[in-house]
*Asks:* 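If you scroll down you'll find the structure; I have some questions about it.
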Amino acid sequence: QQHNYLLLINSCSYLCEMEEQLAALKATVDAINNANDKDNDNANDNNEEDENVPNNNIQRLWLDVVPKMVALSQIQANDIIETGVVDLAMKTFKKENNDHLFSATNVLALCARHSVTVAKYVIELGFFDVINDVDAVLEKFSVNVLSNILLCLVRFTSTARFEVMRAFPLVARGFVEMRDSRLLLFCIFVLRNITVEVQHRQCIVDNKDVMEKLTATILSPLDSVDSRKLCCETLENLVHSDGLSEEEATPLVPYIRRLLHHLPSEENKEIAYELFHFCSNFYLHRPSSHAVLYDCGTVAYAFEYLFKEPGRIQILAASILIGFTWSPESVILFAKDGYLERIVDLFNTLSWDDEVVNGDDVTCLKAQLVVVLCNLCLYGNEQHKKVLMDKSVHKTLHGIMLENVPKRQPMNAALGLANLVGNVENNPMLEANTFIFDMLCDCLKHAREKKTFMGFEYDVSEPMGALANLSVSDSNKVLLHATKCMECICTDFKIGVDDTSDEYTAKFISNMSFKFDLVNDFSDNVDISSVVNSIKQNSKSQEARRLATIALFQQKYHSNQKHPKAVCVTATTATTDMAADTDTVANTLTSNEQVMISFPSCRYADAVEVKEFLASHRLKVWMNEDVEMGMTLDSMATAVEESTVVLVLLSSDYKHSQMCRAECEYAAQMGKQLVLFITNADSGYTADGWLFKVTGDMEIVTGDKQQLFDEVMKHISKSK
């Protein structure tokens, strides 16, 4: 009668009050406990017949009543625990060879799902102690019981993820050895969920058997789509941005290569989608692995999928290209096989109406490629930028920016444009319309407040970097001054937010200091000197401190700058008389007649070669030997002051270096003799901007070191 009453209450539970439900569950637990006590008494009386005959009523209570009553979501966690059902299930689970093991583990799985409180109580009662012996668990428990155990672990990964790592040996071995598809799926669920935590990822990467099985499952058409997708998501968790370092992720590369090698022949689009998503994350956060993955043909695969029918695969293929173009080294790889031209040509053939619907999201493929172009402009070298300029990318980005349609990525277009033409003097597009300066300042303000701008979130470093790059050109400095960009950058600036922000701020102010007086040429509402001094004294970035020092140096000498003496360095072959004259001067050199070589750090090898040649001709030559640490402005000023001739190693890198500009302009101010030398490799370069203003119509010695020596000697002679 009691059993029938409990079944009746269970079937009508949705009509019962909460108290009746709890009373029914408590009565069920008591009935099972009483029956268990009776079984124990019979066993003590050696009643073998009763011991071996299962109690069918108790079995029905376990199977029918308890699971359904526990599953009632309206019952509170503490009430569930007070009924004793969790204690009963754990007590039964710990017993060996009992008839209710499946039912007990089923109840535990339901308890684990009920709430965090109940799940933690299950763990406190010793759940993990029961499954600690992996060999015993795999040998002793049936498939159904193992299924419930793994289901408990799946529940625990959302409530007690750290505790689940105690069961990792069981899950890892089960994943590798189990053949039942349901057990395999539960194992993958657990692996996927625990890799959400950063500290759990390394143990999976280090387990070669697990990594091998993950890869094999993804590539196996015999496994279910759900299993294969979960394996992809597990790998994606492993390479997430807040996870493994590039060094720690290196063991993943061989598995990724295998996946990418089979990607083109993959028939299932859903799996290909997940693989692309995984690879795009790996590319974005592991630039050092780009060369290896590029050799696998991944960029070629991405381009192949870009030309397929519109769909999610296209968007993910574009994401791979976004991730891949995230470093200068990667852009070099990207450009070597003509992908720069191909991406621009593809962009021009697409329509803004080519949209892909993915649930509630609508993504425009052409807008995705705007981000790729932005990356190419940011990380490409001068040669790459020339290719982009020849393909009129600057005009394309300028048009997108001016249209200002949020879904077309106008902000990214502005960032790309700033990095592509920021160092170009007298750019007609920027001079005709200063919208880009206002847009970048608005973006910077939103980024500092951590607000979205035109539908996207931007890091402070993105608009800051673009403004800093625009400040390289002297003609842009005037526009930046007119649009109050200095005031925008210095207002609300906080030192030490990150090194990049400090460096970009210092670079911008340093560049502007070559054109304007930082104290008198800007609004009284912003104290630029305080910002610069704060960076110099407090920034953790050595580069930021160096740039701030340059700005202060320029401010100190700004009011006294002069143009250099007219110095004409001819490129004609030296005559016999000139050679004789230089020999005469060389023989009368004094210890005070010094030649200083001014060069950007990236041309150190060229500077050493020139120094050794001049020194072999008995010239006293000074150059900064420690390019890693750089030199102080005081030591630079002293070197200029003590030199008779300043030898400039001319190149585009020289023009873009603030330190080189400070050296060159200070030398001109001090009235030093300037000699320009350019290597054969840079012979096509023509000075512009500030460098042209300083050097004027001076001729340049190209490549010939003997001719360079003759010119240096001639100007030493003039100084006498």
Side-chain angles (χ1 to χ4, degrees), residues 377-378 380 382 385-386 388-390 392-399 401-402 413-441 444 463-490 504-518 520-523 528 547 550-551 554-555 558 561-564 600 648 650-662 664-665 668 684-698:
C377 295
L378 174 60
E382 294 300 319
K385 291 180 179 180
K386 184 179 185 306
L388 296 174
M389 294 282 282
D390 291 342
S392 299
V393 171
H394 57 301
K395 296 180 181 178
T396 300
L397 295 177
H398 189 253
M401 179 193 69
L402 292 181
L415 294 173
L417 180 63
N419 291 307
L420 184 58
V421 302
N423 58 359
V424 177
E425 297 290 345
N426 303 306
N427 188 284
M429 290 190 304
L430 302 185
E431 292 182 340
N433 190 313
T434 59
F435 180 66
I436 186 172
F437 304 103
D438 297 327
M439 178 180 280
L440 290 171
C441 286
L444 177 59
M464 264 301 329
L467 288 167
N469 200 58
L470 284 167
S471 67
V472 172
S473 162
D474 272 14
S475 59
N476 286 343
K477 290 179 176 65
V478 178
L479 303 176
L480 289 162
H481 179 268
T483 51
K484 305 293 183 181
C485 291
M486 177 70 84
E487 288 78 356
C488 174
I489 286 175
C490 292
Y504 284 144
T505 302
K507 178 180 178 181
F508 181 89
I509 298 175
S510 173
N511 284 336
M512 294 295 283
S513 70
F514 286 97
K515 186 74 174 178
F516 297 101
D517 186 321
L518 298 180
N520 300 314
D521 290 344
F522 295 95
S523 171
I528 302 172
L547 293 170
I550 292 175
Q554 285 301 117
Q555 180 60 31
H558 189 275
Q561 287 186 11
K562 302 176 182 178
H563 292 292
V648 174
L650 202 62
S651 67
S652 61
D653 295 314
Y654 189 93
K655 187 223 172 183
H656 298 154
S657 167
Q658 291 98 327
M659 180 61 80
C660 289
R661 181 170 185 175
C664 189
E665 291 189 345
Y685 175 71
T686 303
D688 62 352
W690 72 264
L691 190 52
F692 177 77
K693 291 179 181 178
V694 172
T695 59
D697 295 328
M698 294 179 186

*Asks:* Going through the checks in order, is the side-chain contact (heavy atoms from CB on, under 4.5 Å) test met by Leu518 and Met486?
*Replies:* CA-CA 10 Å; Leu518 298 180; Met486 177 70 84; 4.1 Å; yes
*Asks:* Does the Ser657 side chain pair with the main chain of Tyr654, one donor and one acceptor, at a distance under 3.5 Å?
*Replies:*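 A pair under 3.5 Å: no.
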*Asks:* Sequence neighbours excluded, which residues qualify as salt bridge (charged side-chain N to carboxylate O under 4.0 Å, His left out) partners of Lys385?
*Replies:*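 Expected list: none.
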*Asks:* Ion pair present between Glu665 and Lys693, side-chain N to carboxylate O less than 4.0 angstrom?
*Replies:* no
*Asks:* Specify the closest pair of heavy atoms between Ala551 and Ser513, including all atoms of both residues, with the distance to one decimal.
*Replies:* CA-OG, 3.7 Å
*Asks:* Identify the residue among Leu480, Val424, Asn476 that makes a side-chain contact (heavy atoms from CB on, under 4.5 Å) with Leu430.
*Replies:*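 Answer to the side-chain contact (heavy atoms from CB on, under 4.5 Å) test with Leu430 among Leu480, Val424, Asn476: Asn476.
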*Asks:* Should Phe522 and Cys490 count as side-chain neighbours, where that means a heavy-atom distance under 4.5 Å?
*Replies:* no
*Asks:* How many angstroms lie between atom SG of Cys488 and atom CG of Leu440, to the nearest 0.5 angstrom?
*Replies:*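 Answer for the SG-CG pair, Cys488 versus Leu440, is 9.0 Å.
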*Asks:* Could you report the tightest heavy-atom contact between Tyr504 and Ala468, atom names first, then the distance?
*Replies:*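 The pair with the smallest heavy-atom distance is O-CB, 3.7 Å.
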*Asks:* Find the distance between OG (Ser475) and CG (Asn426) and round it off to the nearest 0.5 Å.
*Replies:*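 The distance works out to 4.5 Å.
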*Asks:* Do His394 and Leu388 make a side-chain contact, defined as non-hydrogen atoms from C-beta onward lying under 4.5 Å apart?
*Replies:*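 Result no, sub-4.5 Å side-chain heavy-atom pair not found.
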*Asks:* Side chains of Asn511 and Leu547: closer than 4.5 Å at any heavy-atom pair?
*Replies:*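 Heavy-atom side-chain distance check fails, nothing below 4.5 Å.
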*Asks:* Lys477: which residues meet the salt bridge (charged side-chain N to carboxylate O under 4.0 Å, His left out) condition with it, sequence neighbours left out?
*Replies:*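 With sequence neighbours excluded, Lys477 shows a salt bridge (charged side-chain N to carboxylate O under 4.0 Å, His left out) to Asp474, given in chain and number order.
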*Asks:* Where do Thr483 and Leu479 come nearest, in terms of heavy atoms and distance?
*Replies:*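 Of all heavy-atom pairs spanning Thr483 and Leu479, the closest is OG1-O, 2.8 Å.
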*Asks:* Measuring from Ile489:CD1 to Met464:CE, what's the distance to the nearest 0.5 Å?
*Replies:* 4.0 Å
*Asks:* Taking the side chain as C-beta and beyond, is there a heavy-atom pair between Thr695 and Met698 under 4.5 Å?
*Replies:*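 They are in side-chain contact.
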*Asks:* Answer yes or no: is there a side-chain heavy-atom contact under 4.5 Å between Leu378 and Asn469?
*Replies:* no
*Asks:* Go through Val472 and Lys507 one step at a time and tell me if the side-chain contact (heavy atoms from CB on, under 4.5 Å) criterion holds.
*Replies:* CA-CA 9 Å; Val472 172; Lys507 178 180 178 181; 4.2 Å; yes
*Asks:* Taking side chain as C-beta onward, heavy atoms only, is Cys377 less than 4.5 Å from Leu397?
*Replies:*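 When only atoms from C-beta onward are counted, Leu397 and Cys377 do touch, with a gap below 4.5 Å.
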*Asks:* Any chance you could measure Met512, atom CE, to Asp521, atom CG, to the nearest 0.5 Å?
*Replies:* 9.5 Å
*Asks:* Kindly indicate whether the side chain of Leu417, heavy atoms from C-beta on, has any atom under 4.5 Å from the side chain of Met429.
*Replies:*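 Yes; the side chains approach each other to less than 4.5 Å.
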*Asks:* What is the minimum heavy-atom distance between Ile550 and Gln658, and which atoms define it?
*Replies:* CD1-CB, 3.8 Å
*Asks:* Is the closest side-chain heavy-atom distance between Tyr685 and Lys655 below 4.5 Å?
*Replies:*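 When only atoms from C-beta onward are counted, Lys655 and Tyr685 do touch, with a gap below 4.5 Å.
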*Asks:* Does one side chain, of Ser473 or Glu425, offer a donor that lies under 3.5 Å from an acceptor on the other?
*Replies:* yes
*Asks:* Could you go step by step and tell me if Leu470 and Phe508 meet the side-chain contact (heavy atoms from CB on, under 4.5 Å) rule?
*Replies:* CA-CA 8 Å; Leu470 284 167; Phe508 181 89; over 6 Å; no
*Asks:* Go through the steps to decide whether Arg661 and Val694 satisfy the test side-chain contact (heavy atoms from CB on, under 4.5 Å), and finish with yes or no.
*Replies:* CA-CA 10 Å; Arg661 181 170 185 175; Val694 172; over 6 Å; no
*Asks:* Mind telling me whether His481 and Phe516 have parallel, tilted or perpendicular rings, with 30° and 60° as the class edges?
*Replies:*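 Taking His481 first and then Phe516, their aromatic rings lie parallel (interplane angle under 30°).
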*Asks:* Under a 3.5 Å distance rule, please check whether Asn419 uses its side chain to pair with a backbone N or O of Leu415 as donor and acceptor.
*Replies:* yes
*Asks:* Roughly how far apart are Lys515 NZ and Ser471 OG, rounded to 0.5 Å?
*Replies:* 13.0 Å
